[in-house]
Amino acid sequence: MRYSRSLIPTLKEDPGEAQVVSHRFMLRSGMIRQLASGVYTWLPIGLRVLRKVENVVRREMNAAGAQEVLMPAVQPAELWQESGRWAKYGPELLRLKDRNDRAFCFGPTHEEVITDLARRELRSYRQLPANFYQIQTKFRDEIRPRFGVMRGREFLMKDAYSFDLDEAGLEQTYQAMFAAYRQIFLNCGLKFRAVEADTGAIGGAYSHEFHVLAESGEDVIAFCDHCQYAANLEKATSGPLPPLAEVPVDPMAKVSTPGRKSIAEVSEFLGVDPRRTVKAMVVESDLGAFLLLLRGDHEFNEIKSRNALGAQWLKLAEPPRAAELAGTSTGYLGPVGATLPMVADLALEGLDGFVCGANEVDFHRTGVRWERDLPRPRFADLRAVAVGDPCPRCAEGRLEQARGIEVGHVFKLGYKYSQSMGVAVQGPEGGEVTPIMGCYGIGVSRIVAAAIEQNHDANGIVWPMALAPFQVQILLMNPTDAPSAAAAETLYAELLEAGVEVLLDDRDERPGVKFKDADLLGIPLRVLVGGRSFKEGMLEVQDRRGGAAERMTPQEAAQGLMNKVRDRLRQETGAHGSTTL
RNA sequence: CGGGGUGUGGCGCAGUCAGGUAGCGCACUUGCUUUGGGAGCAAGAUGUCGGGGGUUCGAAUCCCUCCACCCCGACCA
């Protein structure tokens, strides 16, 4: 492609609305433009990257035996009413009416459509297992779209849906998808981790998320430094904590702690280890209000607590509301004499002689002992794991944490849709069998942003070869200089002929402008044609990642670049195997 | 939905408090010079000041109203 004939509207200045690196560079490099909140146009350079990701995904899905289809973006309400989601899905579902006043929605996902297809077309167990996928534009009317295409309302997603005869078959399909996903992210040249995830309201057997590791990630994942264990912080558990050193326990006492409300203040004032304190927090849920107890140095996790209590929803009460429910203002709440039903974190099970609020302003209790001073409450896993906690899977490991961007999710759906929508095939013994389903998503447009979060420097994007909009950029320094212009044209033609993806910067611009734009665009290999080295009969090949330029003659450049492209693709693919499951 | 903020040329912004006929930098056009990291000089084009209504001799500026976008929070099969 010729730069001079392309729409690559790079920006010198940072657009004000961009908060994260990927969004900034996508706007500045002219990959995307915003049309409405969370809705973007993909310009030529951006679209090329998007297509690269699509193709990596498509290749592996096909290799794993999935069949590509394309379902409608607009779906009739009837289908959603049938599955019950028309009522359950909130304002996130974009609802439409046609001219006859019939209700539709713009699909945020396609379980209903695929299940409808399956019940119409699948007749026999011999057609199973079947796995269908599509790469489709989805729309979810997110409450708060942000970070450009990272969390847009309209986005490109690969979604796959599998149908198996039984649980064992689903397990096999699931494993095949898991393996395909690993290969996809390896092929994209990304550092990622597969983590165990919260299964949410669907409550399937288990599910895994794939996270691209990046500082700006919206999710926190915990992983073992020793074994393969990795889980979303919303789900991660720790092994049993080592018991604290035994200390003599005095009788329970009430002590004055004027104005000391936080764990830090109380433990410092009383000269006690925060690990020997207990904090009490009031939560409200559909099951009513509870007093949750955690060790002073531990952090509450809403989702784990919700799951532990078996509640549909749960939230921390605001201090005034908490005081109203518990009868004492926050900062002095405690389990002794509490009126709300109590649940304590597992870490408190073996704690003895602890400090806690006295349910009286400006007073705490010390030397509190289960059974002697109050009945043992129900214990459950309520807290977020901390860095350094023991691994729940292996003896030696400690947990670490990292931030990640969720780019993929594999999920055992079970019979939820196949049953409610009546999918049935004839089984081997003649009777009807309801297939068991799985679903598998990949955020294609989100991967583009995630890749930039992971691969950039101060000057712009540093694309991995597999995702780069072009593999090679020819930087012709001065198009009015006939000899170097001719050399650039020749090299351009040779590379095109060889199937290398090449952008020829033939604009009549000063070299500085071209260098800056090239850095922004982040094309992995750059050939300088012109200037000093050309006078000596040489071209310079530069790597966007940095390092010294390599000189080549115009005659050997095409072959040399082809080799480099091939080496880079090989080297990057799978280079991060050690960081994955 | 609650809280905060911003809408002025393609982009980034000043001007709004103290109303007087719109400005700066970048980008764009033309010419000359320049050409290894976002050039210099000269000339030029580009604005419903988010929309509607009101006050006023006069509104980017004051008042009312609507809208869009951004940030924080709640939400997220």
Side-chain angles (χ1 to χ4, degrees), chain A residues 7 9-20 23-24 27-28 30 33-40 80 83-93 105 107-112 115 138 140-148 151 153 157 159 161 197-204 207 218-219 232 234 284 302-303 306 312-318 406 409 411-414 416-417 420 437 439 441 458-460 475-481 484-485 505 507-520 526-536 538-540 542 549:
Chain A
L7 181 64
T10 57
L11 303 173
K12 205 182 278 195
E13 288 171 283
D14 280 334
E17 76 262 23
Q19 306 294 314
V20 294
H23 190 194
R24 250 190 2 246
L27 289 167
R28 284 192 53 198
R33 286 294 184 261
Q34 177 170 315
L35 182 63
S37 182
V39 177
Y40 293 85
W80 285 70
S83 72
R85 289 208 292 185
W86 187 257
K88 269 179 71 182
Y89 231 98
E92 198 178 312
L93 183 65
C105 64
T109 176
H110 282 71
E111 280 85 359
E112 281 82 359
T115 309
K138 314 269 191 198
R140 294 181 188 172
D141 200 350
E142 293 274 347
I143 287 165
R144 192 146 86 84
R146 63 185 122 181
F147 306 152
R151 193 180 192 79
R153 292 192 295 172
M157 181 175 178
D159 49 329
Y161 306 90
D198 179 41
T199 50
I202 284 186
S207 96
E218 291 185 277
D219 291 293
N232 196 306
E234 294 171 351
E284 292 183 88
E302 198 173 295
I303 292 172
R306 185 190 69 203
Q312 293 294 309
W313 62 268
L314 176 147
K315 64 172 196 219
L316 213 50
E318 294 292 320
E406 185 190 347
H409 200 163
F411 213 106
K412 287 190 180 177
L413 264 183
K416 183 181 163 85
Y417 295 94
S420 69
M437 293 174 64
C439 80
N459 297 318
L475 198 155
L476 172 59
M477 294 229 249
N478 182 2
T480 63
D481 176 61
S484 56
D505 190 349
R507 291 175 299 166
D508 186 12
E509 289 286 354
R510 298 168 58 84
V513 173
K514 296 191 175 195
F515 280 119
K516 289 292 184 188
D517 280 339
D519 285 349
L520 249 187
R526 179 192 304 171
V527 201
L528 257 56
V529 182
R532 291 193 296 267
S533 42
F534 193 75
K535 285 200 189 83
E536 297 161 18
M538 303 297 278
L539 309 183
E540 282 175 51
Q542 300 177 336

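Every chain is numbered from 1 and lettered A, B, ... according to where its sequence line falls, protein lines coming before strand lines.
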Length of the [atom1]-[atom2] vector between [X] and [N], whole Å:
X	N	atom1	atom2	result
A:Arg33	B:A27	CZ	P	16 Å
A:Asp141	B:A77	CG	P	15 Å
A:Leu11	B:G10	CG	P	14 Å
A:Leu7	B:G10	CG	C1'	12 Å
A:Glu13	B:C13	CD	C1'	9 Å

Under a 3.5 Å cut-off for both contacts, is [N] paired Watson-Crick or G-U wobble with anything, and if yes, with which nucleotide?
N	value
B:U16	none
B:G2	B:C72
B:A59	none
B:A42	B:U30
B:G36	none
B:G47	none
B:C11	B:G25

**Prompt:** Does the pair A:Arg85/A:Glu111 count as a salt bridge with the N-to-O cut at 4.0 Å?
**Reply:**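 Salt bridge flag = yes for A:Glu111 with A:Arg85.
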In whole Å, measure the gap between the [atom1] atoms of [N] and [M] for me.
N	M	atom1	value
B:U46	B:C24	C1'	15 Å
B:C63	B:G25	P	32 Å
B:U8	B:U61	P	14 Å
B:G38	B:C28	C1'	16 Å
B:G9	B:A14	P	12 Å
B:C72	B:A77	C1'	26 Å
B:C13	B:G50	P	15 Å
B:U16	B:C11	C1'	22 Å

Any N/O pairs under 3.5 Å between the protein and nucleotides 67-74 of chain B? List them or say none.
residue, atom, partner, partner atom, Å
B:C69, OP1, A:Ser37, N, 2.9
B:C69, O3', A:Gln34, NE2, 3.2
B:C70, OP2, A:Ser37, OG, 2.9
B:C72, OP2, A:Arg144, NH1, 2.5
B:C72, OP2, A:Arg144, NH2, 2.2
B:C72, O5', A:Arg144, NH2, 3.4

**Message:** Check the phosphate of B:A27 against A:Lys12, side-chain N and O only, distance under 4.0 Å to OP1 or OP2. Yes or no?
**Reply:**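 For B:A27, OP1/OP2 do have a side-chain N/O of A:Lys12 under 4.0 Å.
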Taking salt bridge (Lys or Arg N to Asp or Glu O under 4.0 Å) as the definition, give me every residue that meets it alongside [X], ordered by chain and number, with sequence neighbours left out.
X	value
A:Arg507	A:Asp505, A:Asp517
A:Lys138	A:Asp159
A:Glu92	none
A:Arg28	A:Asp14

**Request:** Report the C-alpha distance between A:Tyr40 and A:Leu35 in whole Å, list the side-chain angles of each, state the deciding distance to 0.1 Å, and finish with yes or no for side-chain contact (heavy atoms from CB on, under 4.5 Å).
**Result:** CA-CA 5 Å; A:Tyr40 293 85; A:Leu35 182 63; over 6 Å; no
**Item:** Non-hydrogen side-chain atoms of A:Ile303 and A:Arg306 separated by less than 4.5 Å
**Value:**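 In short, these two side chains touch, coming nearer than 4.5 Å.
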Quick one: which protein N/O atoms are closer than 3.5 Å to N/O atoms of nucleotides 29-33 of chain B? Pair and distance per line, please.
none

List in chain and number order the residues that pass side chain to side chain contact (heavy atoms under 4.5 Å, CB included) with [X], two or more places apart in sequence or in another chain; answer none if no residue qualifies.
X	answer
A:Ala485	A:Leu476
A:Gln19	A:Phe147
A:Pro511	A:Met477, A:Phe515

**Message:** Once side chain to side chain donor-acceptor pair (under 3.5 Å) is applied, do any residues pair with A:Arg153, and if so which ones, sequence neighbours excluded?
**Reply:**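 In terms of side chain to side chain donor-acceptor pair (under 3.5 Å), with neighbours along the sequence ignored, A:Arg153 is linked to A:Asp141.
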**Request:** Go through the structure and list residues passing side chain to side chain donor-acceptor pair (under 3.5 Å) with A:Glu540, not counting sequence neighbours.
**Result:**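 A:Glu540 satisfies side chain to side chain donor-acceptor pair (under 3.5 Å) with A:Ser533 once adjacent residues are dropped.
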**Request:** Have a look at A:Arg507 and say if it touches a base, only the backbone sugar-phosphate, or nothing, with a 4.0 Å heavy-atom cut-off.
**Result:**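 Nothing: the residue A:Arg507, judged by heavy atoms under 4.0 Å, touches no strand.
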**Asked** Which part of the nucleic acid, if any, lies within contact of A:Asp517, taking any heavy atom under 4.0 Å across all strands shown: a base, the sugar-phosphate backbone alone, or nothing?
**Response**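 Base contact.
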**Prompt:** Could you state the interatomic distance from CZ (A:Arg510) to NZ (A:Lys516), rounded to the nearest 0.5 Å?
**Reply:**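 One gets 13.5 Å once the value is rounded to the nearest 0.5 Å.
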**Message:** Can you give me the closest heavy-atom contact between A:Val529 and A:Ser484, atom names plus distance?
**Reply:**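 In this case the closest contact between A:Val529 and A:Ser484 is CG1-O, 3.3 Å.
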**Asked** Is any N or O donor-acceptor pair between the side chain of A:Arg28 and the base of B:G12 shorter than 3.5 Å?
**Response**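 For A:Arg28, whose side chain was compared with the base of B:G12, there is no donor-acceptor pair (under 3.5 Å).
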**Request:** Map A:Leu314 and A:Pro15 onto RNA chain B by nearest heavy atom, then report which one ends up closer to the 5' terminus.
**Result:**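 Going by which nucleotide is closer to the 5' end, it is A:Pro15.
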Contacts under 3.5 Å, N or O only, protein and nucleotides 34-36 of chain B:
residue, atom, partner, partner atom, Å
B:U34, O2, A:Arg510, NH1, 2.6
B:G36, O2', A:Arg532, NH1, 3.2
B:G36, N7, A:Arg532, N, 3.0
B:G36, O6, A:Gly530, O, 3.3
B:G36, O6, A:Arg532, N, 3.0
B:G36, O6, A:Ser533, N, 2.8
B:G36, O6, A:Ser533, OG, 2.8
B:G36, O6, A:Glu540, OE2, 3.3
B:G36, N1, A:Glu540, OE2, 2.7
B:G36, N2, A:Glu540, OE1, 3.1

